[in-house]
Structures are given as structure tokens and as C-alpha cells.
Amino acid sequence: NLITSLAVHPSKSEIATTDTTGLMKCWSLVEITSALNNNEAVTTDSQYTWSCTFQSWRSNEAITMVRYGYDSSVYAVATINAINLFDANTHALVSTFASSPTREAIRFISFFDHSSLLLVVTPHSLYTMDLLSKQVLWLLLVDVTKVAVNASGLTDRPLFAVTLHNTPETDSILILSPESSTPVASVTLNAHVEAMCWGKESIRSGRRVCLFCLTDRREIIKIVEGEAERVELVGDEVKKVTAFDEVFDLFAIRIIIDCPQEQEKAQCWAIYSIVTDFYTPNPDRMRDWISIPKSNGYESLHTTVVSNE
């Protein structure tokens, strides 16, 4: 059976997959020697593998997409004609939302950080739905070809981008907020967008939030604050990153503490405070696995700091 969608759990080492038969599976990352390893996955890793921990037929038709909520408490499963909301811990059905207002097949869904809104895309429309009131907030009748959702907290408010075919030679990109159908920004390109994603510029360029687009003309277009800049790819040459400001880790230091278990968290944060008194931390590179340990029990603080040199 063909895999139709894959979703990554926001807070633990788990993924969900769906297929053309309506079957959904949840996979957890476990040690190969663990009793939880059911040998269903094929891996070349000598230590870890993916093990199926849950499976259920969620529909008698193909599932088009599965997505976890931002707080990982629920996940949504979209079929051609409906969206079902499930509890992520018990896998019990929470709510069912009938077919789209335009009675079209559902192609794409996405949650937003710290919001009860769900983005839904069909072949000829896009709209946001409030999962609490079960009401459609707004709807646009447009033919969407690509979607990119900023779901990683890069901006102060949730944003997403869609591409529309204007003419056989041009595409329009609309950047929107889930609360309004009025675009935050729009750009017309003399090319078709084949893929796009959200990211940030280099440190030298100011680390502004960008939308990166790959076009059918072998161009990468960077959209920043409503303006587009092009970087052409020449032939089949693979451009290597050589700019020094793109290298984050010059060397790594591991600090291991030996103390009573009840003092571990306090001492880790005390060491972090001492380090950041001498060096400037990069908050985008902070990883706190002390407050919320990984599912395999791993606990640590990761950070990247920069010196004046």
C-alpha cells in the first residue's frame, strides 16, 4: 500500500503514517534490543529502529493527510470527504468535521502554533476552521498549487504561504495569517513554484524570516518582507556553503555533572547561566531536554554560544 502522509510528533520521537487503504500507524523510536521492537521496520542503524506501537483503520477510503496539533494533545486525519480529530494519547475520536464547504476533496490540512484554527486546502479553495466552534472563519475560492506553513515559531504570529497559477508562465504567492483572508503580502513571479519552505537568512544578512521558493527555472527565490530576490543555480553544479557565518559549531564542549538526582536540573541551569555570562547564546539553537526529557530518557541542555572573537 502507498504511504499518503507522514506527520512528526511535536514533543517525542514518534511519527504517524497513513496509506491508501485508510490505515494509520504510529511509530516510536526504540532501541533494537528493546522488547518494544516488533521488527516491522527495516533499518541500517545499529542502535535504534522504528517500531509500530499503534495501528487502526481510520477510514474505508484513502487518507490524504495526518497532522499533530501544536501541543501534541490531538491529531487530525483528513480523508477525501471529512476531517476526524483524535486524542493523541488514547487515539479516541474527539470530533468529526464533514466535507468542505465547497464539497471538494480535502488535499491538505495544518494546525497553527497556539491556535484553535485549522487550515484546509481543496483543489479549488482554501479556508480556516475554528475547531472549538466548528465554524469556518473565512474561505477563498482559488486554485492552490503549493502550501507552506510556518509551524516552527519563526515569526511572532502564525503565517502560511500558498501559490496560485496566474498564467501559463507566472505564479502568484500569497502570504496570509490564519485569522484573515486578506494577504499580509503578495508577490508575482515569472516562473512556476515547484517547492517552498520557511526559514531564516544567514547571520550576515540579519537572520530575517524568509520564504524560500524553488522554481521550474532552476532558481531559488527568497521572499523577505514582501520583496523577492533571486539566486540562480548554474547547470547541475551543486553550490557548497562556504560562508563562515553559516558555520555554527566550530567545536563542541560537553559538561557532565555528578550530583544527587534532585539537584540535577538546578545545577544544569546554573552551569548554563555561567556559560551565557561569558558568551552570547543563540536562542534559536537552544534545546531543553531537562524540563521535557526525550521519550528514551535522554536529559540534557544544548545551546550554541558566540564569542567576540
Side-chain angles (χ1 to χ4, degrees), residues 6-16 26-31 34 36 45 47-51 53 66-76 87-90 110-117 148-160 178 197-203 206-210 245-309:
L6 182 148
V8 180
H9 196 287
S11 59
K12 60 182 180 180
S13 301
E14 180 179 292
I15 60 174
C26 291
W27 305 79
S28 294
L29 190 64
V30 299
E31 293 186 358
S34 169
L36 296 175
D45 193 288
Q47 187 174 1
Y48 295 100
T49 186
W50 291 99
S51 179
T53 55
V66 59
R67 282 291 182 266
Y68 283 101
Y70 77 92
D71 62 354
S72 68
S73 63
V74 296
Y75 61 84
D87 185 291
N89 295 314
T90 65
S110 179
F111 290 92
F112 296 98
D113 287 355
H114 306 288
S115 173
S116 62
L117 300 181
V149 177
N150 172 20
S152 58
L154 290 174
T155 56
D156 294 335
R157 57 173 174 165
L159 294 174
F160 67 96
C197 67
W198 292 89
K200 283 190 175 182
E201 293 179 307
S202 65
I203 294 176
R207 300 292 286 168
R208 293 178 300 175
V209 175
C210 308
D245 61 7
E246 292 295 339
V247 179
F248 283 102
D249 300 330
L250 296 184
F251 58 89
I253 297 176
R254 178 176 297 174
I255 301 175
I256 301 174
I257 61 174
D258 183 11
C259 67
Q261 186 174 2
E262 62 272 12
Q263 299 178 16
E264 286 180 347
K265 291 184 180 180
Q267 290 204 18
C268 281
W269 284 110
I271 294 171
Y272 173 83
S273 178
I274 293 171
V275 171
T276 54
D277 281 344
F278 288 90
Y279 303 100
T280 303
N282 181 348
D284 293 333
R285 303 272 291 174
M286 178 66 182
R287 298 293 182 269
D288 178 10
W289 288 306
I290 293 293
S291 303
I292 305 178
K294 287 190 174 183
S295 59
N296 60 5
Y298 178 80
E299 294 183 87
S300 182
L301 284 177
H302 290 197
T303 188
T304 296
V305 296
V306 180
S307 72
N308 293 331
E309 301 176 359

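As the structure is a computational prediction, the values presented were derived from the model and not from experiment. Hydrogens, waters and symmetry mates are skipped; everything else that's a heavy atom, side chains included, is used.
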Correct closest heavy-atom pair for Pro158 and Phe112 would be CB-CD2, 3.7 Å
Separation between OG (Ser300) and CD1 (Ile255), nearest 0.5 Å, reads 10.0 Å
Between atom OG of Ser116 and atom CZ of Phe111, what is the distance when rounded to the nearest 0.5 Å? 10.5 Å
Closest non-hydrogen atom pair between Ser51 and Val30, with its separation: CB-CG2, 3.8 Å
If you look only at distance, which donor and acceptor atoms sit under 3.5 Å apart when one is on a side chain in residues 69-76 and the other is two or more places apart or in another chain?
{"from": "Asp71", "atom 1": "OD1", "to": "Ser73", "atom 2": "N", "distance (Å)": "3.2"}
{"from": "Asp71", "atom 1": "OD1", "to": "Ser73", "atom 2": "OG", "distance (Å)": "2.9"}
{"from": "Asp71", "atom 1": "OD2", "to": "Ser73", "atom 2": "OG", "distance (Å)": "3.2"}
{"from": "Ser72", "atom 1": "OG", "to": "Ser11", "atom 2": "OG", "distance (Å)": "3.3"}
{"from": "Tyr75", "atom 1": "OH", "to": "Arg58", "atom 2": "NH2", "distance (Å)": "2.8"}
{"from": "Tyr75", "atom 1": "OH", "to": "His91", "atom 2": "ND1", "distance (Å)": "3.0"}

Over all heavy atoms of both residues, which pair between Cys268 and Ile257 is shortest? Give the atoms and the distance, please. SG-CD1, 3.8 Å
Would the distance check show the side chain of Trp198 and the main-chain N or O of Val209 forming a donor-acceptor pair, the cut-off being under 3.5 Å? no
How far apart are the closest heavy atoms of Pro281 and Tyr272, and which atoms are they? CB-OH, 4.0 Å
Atom pair OG1/OH of Thr304 and Tyr279 - distance to nearest 0.5 Å: 14.0 Å
To the nearest 0.5 Å, tell me how far Ile274 CD1 sits from Trp269 CH2. 14.0 Å
What's the separation between atom CG in Leu29 and atom CD in Glu14, rounded to the nearest 0.5 Å? 11.0 Å
Return the CD1 to CG distance between Ile290 and Leu301, rounded to the nearest 0.5 Å. 4.5 Å
side-chain hydrogen bond (donor to acceptor under 3.5 Å, both in side chains) against Glu264, all qualifying residues, sequence neighbours excluded: none
Contact summary for Tyr68 and Ala16, nearest pair of heavy atoms: OH-CB, 3.7 Å
